[in-house]
Amino acid sequence: MRSGELASAAGVNVQTLRYYERRGLLPEPRRSPGGHRDYDSAAVRLLRLVRAAQRLGFTLDEIAALLGASSRRQPSSGLRGGARDKLREIDGRMAELATVRDALARVVDAECDSLTHCAEADCPLSAGELAGP
């Protein structure tokens, strides 16, 4: 299949397809006698895997490393270990977001309408309780 067909089948645009090729996430396809890229169905599966891994929070560098480990066909806990690391990262971000959410709720509850001139003595912003390290 041609580039446009592959991109459509995998739910990406052609520029994304080319970028993934340059990054080495997608192997160089064979060429037709006319010089057009000719992809097989394995390319659709691979692109869908890359997109799924991105939705799980993996970076393209992390995906490339995982694909490299998979291509060596050696037993590896690369995906499992990477997923564990990603879970820890997400849990940490969720805890940070919960803290931010609580702080925003306190700001709303204080009914302060100005960042610099809060009328409330116990405004979380002016009291410095939201200041970071």
Side-chain angles (χ1 to χ4, degrees):
M1 75 185 76
R2 298 268 173 94
S3 299
E5 296 168 319
L6 172 61
S8 179
V12 300
N13 62 47
V14 175
Q15 291 80 12
T16 299
L17 176 66
R18 298 282 186 270
Y19 181 69
Y20 288 176
E21 282 182 13
R22 287 192 306 273
R23 293 282 311 255
L25 297 169
L26 188 64
E28 181 81 23
R30 62 180 182 266
R31 300 282 182 152
S32 71
H36 297 283
R37 288 173 168 87
D38 188 18
Y39 298 94
D40 59 17
S41 59
V44 174
R45 182 176 170 273
L46 181 57
L47 281 174
R48 287 179 179 164
L49 286 172
V50 169
R51 300 299 285 183
Q54 283 184 299
R55 283 190 299 276
L56 291 174
F58 288 99
T59 66
L60 291 180
D61 287 340
E62 292 167 334
I63 294 168
L66 291 170
L67 288 172
S70 295
S71 69
R72 291 190 290 274
R73 304 226 187 253
Q74 297 173 348
S76 169
S77 64
L79 176 59
R80 187 177 315 132
R84 275 192 213 113
D85 291 346
K86 198 56 64 179
L87 277 172
R88 280 192 292 276
E89 179 184 321
I90 289 169
D91 287 342
R93 288 192 340 227
M94 287 175 66
E96 289 173 12
L97 283 172
T99 300
V100 169
R101 191 214 177 281
D102 291 345
L104 283 170
R106 289 195 311 275
V107 169
V108 168
D109 291 343
E111 298 179 3
C112 189
D113 289 331
S114 171
L115 184 62
T116 58
H117 298 95
C118 189
E120 293 291 321
D122 60 345
C123 175
L125 291 174
S126 62
E129 63 184 84
L130 301 179

May I ask you to decide if [Y]'s main-chain N or O and [X]'s side chain share a donor-acceptor pair within less than 3.5 Å?
{"X": "D85", "Y": "R88", "result": "no"}
{"X": "D38", "Y": "M1", "result": "yes"}
{"X": "K86", "Y": "G57", "result": "yes"}

Practice task
Assess whether side chain to side chain contact (heavy atoms under 4.5 Å, CB included) is satisfied between R51 and T16, documenting all intermediate values.
Solution key: CA-CA 11 Å; R51 300 299 285 183; T16 299; 4.2 Å; yes
Let me confirm one number: the [atom1]-[atom2] distance from [X] to [Y], rounded to the nearest 0.5 Å.
{"X": "L79", "Y": "L56", "atom1": "CG", "atom2": "CG", "value": "8.5 Å"}
{"X": "L66", "Y": "D61", "atom1": "CG", "atom2": "CG", "value": "11.0 Å"}
{"X": "L25", "Y": "Y19", "atom1": "CG", "atom2": "OH", "value": "8.5 Å"}

Handout entry: Side-chain heavy-atom pair P27, L46 within 4.5 angstrom cut-off
Key =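 SC-SC contact between P27 and L46 confirmed.
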Taking all heavy atoms of [X] and all of [Y], pick out the closest pair and write down the distance.
{"X": "L47", "Y": "L17", "value": "CD1-CD1, 3.6 Å"}
{"X": "R48", "Y": "A9", "value": "NH2-O, 2.6 Å"}
{"X": "N13", "Y": "Q15", "value": "OD1-N, 3.1 Å"}
{"X": "I63", "Y": "V50", "value": "CD1-O, 3.6 Å"}
{"X": "S3", "Y": "Y39", "value": "OG-CE1, 3.6 Å"}
{"X": "A10", "Y": "V44", "value": "CB-O, 4.4 Å"}

Practice task
Using a cut-off of 6.0 Å, state whether more than 12 heavy atoms not belonging to R101 lie near its atom CZ.
Solution key: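 No - once you tally the heavy atoms of other residues, nucleotides and ligands closer than 6.0 Å, there are 12 at most.
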Exercise for the section: Please answer: with hydrophobic residues joined when any side-chain heavy atoms are less than 4.5 Å apart, are F58 and L49 in the same cluster? Expected result: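 The answer is no; the residues belong to distinct hydrophobic clusters.
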Handout entry: Audit row: R37, R31, side chain to side chain contact (heavy atoms under 4.5 Å, CB included) steps and yes/no
Key = CA-CA 5 Å; R37 288 173 168 87; R31 300 282 182 152; 3.7 Å; yes
